[in-house]
Colleague: 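Submitted below is the structure of interest, expressed as structure tokens.
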Amino acid sequence: MLGNEHKIPGGCILLARTLLQSSIMGKPPLYTKLWLWMLLQARYKDHGHLKRGQFKTSIEMMRDAMTYYIGYRPMRPT
């Protein structure tokens with residue numbers, strides 16, 4: 001067990017190296033970014049009506065999370 005001095009603020013997730021050979025690597029970058037965002041949003045333990053590994057979202061929340069900027073102009077996926 002790690003002591004508090006070794007904890008990562010906000011927690012962490014593990015990714016398998018086999019991800020490099022998965023089909024998501026052949027998709028456009030937005031797929032990987034959205035998939036990673038979903039992994040990071042998932043509950044790490046049961047809380048309320050959500051079980052470990054679940055999260056609640058909407059299309060609008062995903063579009064907001066995937067928004068990026070080109071200069072000052074926001075680019076928001078449709």
Side-chain angles (χ1 to χ4, degrees):
M1 189 85 174
L2 296 175
N4 285 338
E5 68 276 2
H6 297 291
K7 289 189 177 182
I8 297 172
C12 64
I13 60 171
L14 296 175
L15 295 175
R17 292 185 196 282
T18 55
L19 177 63
L20 294 171
Q21 286 81 43
S22 74
S23 61
I24 199 165
M25 296 306 285
K27 303 280 186 188
L30 181 61
Y31 283 66
T32 307
K33 183 178 177 182
L34 183 59
W35 179 73
L36 184 59
W37 178 82
M38 287 191 244
L39 286 176
L40 293 165
Q41 292 297 312
R43 300 290 310 168
Y44 73 94
K45 63 180 181 178
D46 293 354
H47 180 74
H49 68 281
L50 293 175
K51 302 293 182 198
R52 180 183 174 139
Q54 295 181 325
F55 70 102
K56 186 174 181 177
T57 192
S58 67
I59 298 295
E60 288 303 308
M61 288 173 66
M62 289 188 282
R63 288 180 68 206
D64 288 343
M66 296 302 105
T67 298
Y68 63 96
Y69 288 84
I70 296 178
Y72 64 90
R73 185 172 48 120
M75 297 298 294
R76 191 168 190 246
T78 57

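Sequence positions, counted from 1, serve as the residue numbers for this chain.
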Colleague: Considering only Ile, Leu, Val, Met, Phe, Trp and Tyr, and joining two whenever side-chain heavy atoms are under 4.5 Å apart, list the other residues clustered with F55.
Modeller: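 F55 clusters with L30, L34, W37, M38, I59, M62, M66.
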Colleague: Considering non-hydrogen atoms only, spot the tightest contact between A42 and G53 and give its length.
Modeller: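 In terms of heavy atoms, the two residues are closest at CB-O, 3.6 Å.
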Colleague: Hey, could you give me each pair passing salt bridge (charged side-chain N to carboxylate O under 4.0 Å, His left out) that has a residue in residues 40-54? Not counting sequence neighbours.
Modeller: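 Qualifying pairs: none.
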Colleague: Name every donor-acceptor pair, under 3.5 Å, that has one atom in a side chain of residues 9-25 and the other anywhere in the protein, sequence neighbours excluded.
Modeller:
unit_1: S22; atom_1: OG; unit_2: L19; atom_2: O; d: 2.8

Colleague: Clusters formed by hydrophobic residues whose side-chain heavy atoms approach within less than 4.5 Å: which one holds I8, and what are its other members?
Modeller: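 Cluster partners of I8: none, it stands alone.
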Colleague: Listing request: all side chain to side chain donor-acceptor pair (under 3.5 Å) pairs with a residue in residues 67-78, at least two apart in sequence or in separate chains.
Modeller: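 Residue pairs passing side chain to side chain donor-acceptor pair (under 3.5 Å), neighbours aside: E60-R76, D64-R76.
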Colleague: If you count every heavy atom of other residues, nucleotides or ligands that lies below 6.0 Å from K27 atom NZ, does the total exceed 12?
Modeller: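 Open: at most 12 neighbouring heavy atoms sit under 6.0 Å from NZ of K27.
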Colleague: Find the distance between CD (Q54) and NE2 (H49) and round it off to the nearest 0.5 Å.
Modeller: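 That separation rounds to 8.0 Å.
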